[in-house]
Structures are given as structure tokens and as C-alpha cells.
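Side chains are part of it too, since the values below use all heavy atoms of this structure and drop only hydrogens, waters and symmetry mates. Source: prediction; values computed, not measured.
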Protein chains: 2
Amino acid sequence: MASIRDVAKEAGVAICTVSRLINGTANVEPETQKKIEDAMKKLDYVPNELARGMFKGRSNSIAMLVPNIQHPWFSSLASEIEKILYEKKYKFMLFSTSDDKQREKECFKLLKSNIVDGIICGTSACTAKEYQKIDKPMVMLDYKVGSKFPVVVSDHKMGGQLAAQEFINSGCKYVIHISGIKVDKNIMSFECHEELDRVLAENGIKSRRVPIQWNDFDFHGYFEMAKCILEEYPDVDGIFAADMPAIAFLKAALAIGKKIPDDLAIVAYDGTYITNASTTRLTSIHQPYKEIAQEAVRQLMEMIDGPEEEDDAEGQGESATADQIDSAKERNTHIDGNLILLPVSVEKGDTTL
Amino acid sequence: MASIRDVAKEAGVAICTVSRLINGTANVEPETQKKIEDAMKKLDYVPNELARGMFKGRSNSIAMLVPNIQHPWFSSLASEIEKILYEKKYKFMLFSTSDDKQREKECFKLLKSNIVDGIICGTSACTAKEYQKIDKPMVMLDYKVGSKFPVVVSDHKMGGQLAAQEFINSGCKYVIHISGIKVDKNIMSFECHEELDRVLAENGIKSRRVPIQWNDFDFHGYFEMAKCILEEYPDVDGIFAADMPAIAFLKAALAIGKKIPDDLAIVAYDGTYITNASTTRLTSIHQPYKEIAQEAVRQLMEMIDGPEEEDDAEGQGESATADQIDSAKERNTHIDGNLILLPVSVEKGDTTL
């Protein structure tokens, strides 16, 4: 395929002249312009829209980073963000990092140039210090990085409270909850587990957190883990885990003859579409991915365009903050500094606890 | 963030001079080089890797188009392709088109420039004529476009045959199969349905194809559809559908008191991880997504680098074809012209048919 160099050669002009014409950075003589346009036509050359961003400083593209695109939570969220950005005439590029720090860093290196105007960061393999170095409009989805970037996130504390209430209501005495293995106080989803422990303890219910490694989204791995845990802790009567491991617990429990929910109450976290796939639908705490997608794009657009270019009335000049908070209340979100918290909700399953 | 223009201004040189230095297209005086490098450092400017591709004609990036990233088939495949390309030091960009022709065309317009070296096309909203116009190394995943692009695809005919055999073995008399709505003889997954009809008819089994619209991956939509079909065709005793609708049929059938598989034999197509989520695991025809990912990348790399740059011995010079076919046989694939067919397999569920 033709490059700008081929076009320059064909037209008999310097590469810079072709650049100037494409990017409108300076006038080009009409005769030269015709030569270049003829060459482009002949070679079927399409100016590099992203490269143009190098000159203009704008690309109308947004990147999203996710740790694992196979995970239904991230694929649902990415799908929703893609739709919203398309309506806003933005291109959307998705990068999946396998929850690998090196891979994530390479993405940021690529994105440090002007190929995108902003980033929606759903990964958390780097440290707060590393994220703070990113010199781009960016919205975080689960990782607090101080005042530099807004975080649009489910109200995970509320998630922990709602889950605890389900276990209290069903008379549980010993709840095991499965979390990720990384311990970083900036990862907000951990608040769910801390809050669950706190509320259960307040109500005299024993609880234990079992951290597990990301395992390439391998259902059989989850299932083996569930079998081991049910064997090792025979007195457990409550399980709290993300959708897929929760479903693995359901199957492992049924396999050893446990009755759901009488012998074992299970609450799934995320509430993605796969909770519908299990024949016995589990009760879940639903993270509002559509609202998170809306809010993340809204925040990012404000960082890119500034609040005065927003369509709606909010965010005009200095007095914006109060208006923004009012408007956020209408959208049922809670703003705390640069944290934008979206309420989660309980979705009752077929096995009412 | 700094643009090349800011760097040029800071260094007091022309934009073209900065370009020349970044892209190595011509020598730059050492003194000028220092000025530019100092300016880049001061402004924290990172040369646009993708823009550089505009000059060099190479970007080390690959794009993949999928109709819906939320769909477990496409998210599994994309995830696998990302991992393989990472090993090969290629960047991977994913574009989700919502199965919308206009959106797909916009992606191709963007990709027509040099931001990627090749495309893996999992969409099929355009016509063969439109795909043929793409002037890039490209591998198709389900759509035949004549001799221009290789198609790496599950052996869908084999899929239809294996499914038919499951229904024959379970003594079915009337099988309903759910397909996509678009009728285009170039979409290869249709062969599965044609072959199913053919083999069932040969064995005196009635069958009916019910086309459904893509519905934004809405499980409740699938469930309602399943209920309606079971009501409208009370004598149906076999269902063949993609994973999610197949699970919807399982749930709808159980809800009206049908016994699985005695009253209704269900075979799912794709066999993605979500078939594990249903408490009663369905028998499925497994599409080998890992092998498809490997083969798609292999084909694309051959188009980009040429066969002589391959690491292994295959594909040396003129006599490549025979070697390639031998090598393909070792990989258990079947090459027919530019079709690379990968065998599917039956995965028995909990409800052995």
C-alpha cells in the first residue's frame, strides 16, 4: 500500500509538501496541489488520520485498557463504551493487557503519543506513581491515583453491605469470600470485601477472605478451587465471589449433594449476563456497567473538551462544582472529590436467599 | 501534550526537520539534532510510533474487527489472538462494529492508512465486492471473498454433520435450528445449517431453520424466543443453536416441565466457556478458537513478511504450496484453495444425548 513517501515520489515533490497539504499547516501552490492529489488518487493513498493527529494534536480516538477482554464484565463495559463513543463520532480502540504490568506499560508508551485524545483505564497492574506519570486525559475505572484522574466506579462499599445483608437475612454463620490476590489499597473493588467482613463481624457472623490468582478465565480452575474450599471448610454456609467462580461454587456444591440455598447461600458479584446462563440463577450484586460507561465517557469528554463545550448546562465556569454535584445527584451518582461512585443493586436469583 | 509542531517551535526549526530526525528520512546536522532532542526532552514529547509507520510503511500493529466484543466467541478469539501477537511483538487493536455495515466501513477507512500492517476480519456486514477493495494484508474469519484473502474458519460442514449425528443417535424426529438472519452465500457458518438439514433429511428427520436477528446479546430476548418456539412447535424434540440461545432453550424447556434430553435434545454451537456456566452442561460442537487464532496469525504474518521470513522451514520459495499443505496436515488443518478449515469436535455435556 502507498505511503506518503510514494505519493511524494509520484508527484515529484518533497514529503514535507505532501504533509503540508494533508495537514493544512501551510499553503501549497494550486499546481502542486493538483499534482499531489493526482498522485494520491493514482496510488489510492488515504491520509493517515491518526498521523494527522500528530500535527493537529487531536485524533478523535479513545483507547480503553482492560486486563482481560474475555471477562464478561470488561467485555460488557467495553461494548457499551464503544457504542456511546460511536454516537459522539469518536473512534474506539481496545487494548487487552492480560493483567500484565509490562504489557500495560507498553500500551501507555504507545498511547503517550498523539494517536488518542484520551484513555479509559480499566487495568490496575501499575502503581499509583506510574499512573500519575501519564500525561493524557484519563479516567480510571477501579484504581485511585490521587487528584490527577477521576475514578468512575461502582460503590463497592455498598456492594459489600448489600451482600452482607443477604447473608444475614439467610441466617448464615460462616461466609467465605473470594477476592483477587493483589493487595493494593488503591484498588477500589477491595472495599467490597473489607465492608463485607466489617458488617458480618458486627452481626456476629464469621468470615474468611480467600485470595485467588487470575487464572486465564479458566472455568475448570474455578471449579477445582470451589471443590477444595468446600472440602477444606465443611461448615461454610455462605459464598461470595465474582460471577464465574460463584457459578463454579454452585456446580461444585450441587455435585456434593448440597442444597442451594438451604445448605449454602451464594451471592455473585458483577451480575453480568452470564449469571443468566446458570440453570439456577444466583442472586447477584449488579454493577451498573451501562451507567459506568456513560459516566466514564462524560468525565473523559470534560477533560478533553473542557466543561464549557458540554451540550448541557452543567459545568459553566467557576461555579461548576455545585452544579456538577446537583447534576450527578440527578444521575443517581455520588461525587466524592474525584471519585464518582455509582450505586450497585441486588438482583434476586431463582434461589431466593 | 506536546505535538511535533510544539517541538519544532521550541527548537526553532521547521516541522519537516523534526520529522526527518524522527523518521530518519534524511540526515540532520548534529547541532540541529541536539536542539530538537533538547526540545523533545523539555516538552516530554514522544514520537508518534504509528505516525512513523506513515513514512516507513510499517507499524508493527495488527487490527481485528469483530461484530460484538461482548459475545464469548469473539472475546475468546480476540483474547487468544492478542496473546499470540504479543509474543511476536505486535501491538493489537480491537474494533467492535456492532455488526453495523457503516461502522465496519469506517473502521476500514481508518485502517486503509498505514496505522496497521494487517487486519484480521471477524465481521461480515460488508459485501464480497467491498471486502475485495481492501488494499491490506487481511485474513477473513467467516466470509469468503474469492482468491484475494485467505479464510481461516472452523469446518462448519463437519459441525453440521456432527450435530446431525447427535440428533440421529438420540432418536429425534423434528429438529429446529436457530441461525443468523443475513442470507449471504459467502458467510461460511451457514454451511453448518445447510449440512445439518441435508444429513437430517437423508435420515428421514424433519428440520426447520429459524433465523433470528442479532439482538444485542440480550439473554432475556433469547429466552422469550425459546419460549415462543417451544410453544409454536410442541412436537420439536431437537434444538441446535449457538451457546447462549441454546442455554436459553434449556431454561425455557425446564420451565415448562420438559425433561432434558429425553423430551428435548439440545446441541450448542461454539462451545465457549459459557457452556460451563449452565448447571446442566449441554453437549456442544466446539469451534477450536485457539487453533483458529494461531492459524489466522500465521496466515497474516505470511502475507506481511512473505513465507521466506517464517521461522520454521515451511514455505520456502516456489515449491511452498506442497510443503505448506503437508505442514497444515500436521497441524490438523485442511487447506482448500485459500480456505483453511479447522476441525470442530463434540464435547459431551452432562445430559448425554
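- A/F92 touches chain B through its backbone: at least one of N, CA, C or O sits under 4.5 Å from a heavy atom, while the side chain does not.
- Once rounded to the nearest 0.5 Å, the distance linking NZ of B/K251 with OG of A/S278 reads 5.5 Å.
- For a residue to count as touching a neighbouring chain, one of its non-hydrogen atoms must lie under 4.5 Å from one of that chain's; by this rule B/L254 touches chain A with the side chain only.
- Between chain B and the residues A/S76, A/A248, A/A255, A/C107, the most heavy-atom pairs under 4.5 angstrom are made by A/S76.
- Of the atoms belonging to A/L94, heavy atoms from both backbone and side chain fall under 4.5 Å from chain B.
- Across A/A63, A/S96, A/A78, the residue that shares the most heavy-atom pairs under 4.5 angstrom with chain B is A/S96.
- Salt bridge present: A/E347 and A/R281 bring a charged side-chain N and a carboxylate O closer than 4.0 Å.
- Side chains of A/Q102 and B/Y86: a donor-acceptor N/O pair is absent below 3.5 angstrom, by distance only.
- Using bins of under 30°, 30° to 60° and over 60° for the plane-to-plane angle, the ring pair A/F219/A/Y222 lands in the perpendicular bin.
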Given the rule in the salt bridge (charged side-chain N to carboxylate O under 4.0 Å, His left out) test, do B/K101 and B/E104 qualify, once you have shown the distances and angles that lead to the verdict? CA-CA 5 Å; B/K101 187 170 178 164; B/E104 197 177 321; over 6 Å; no
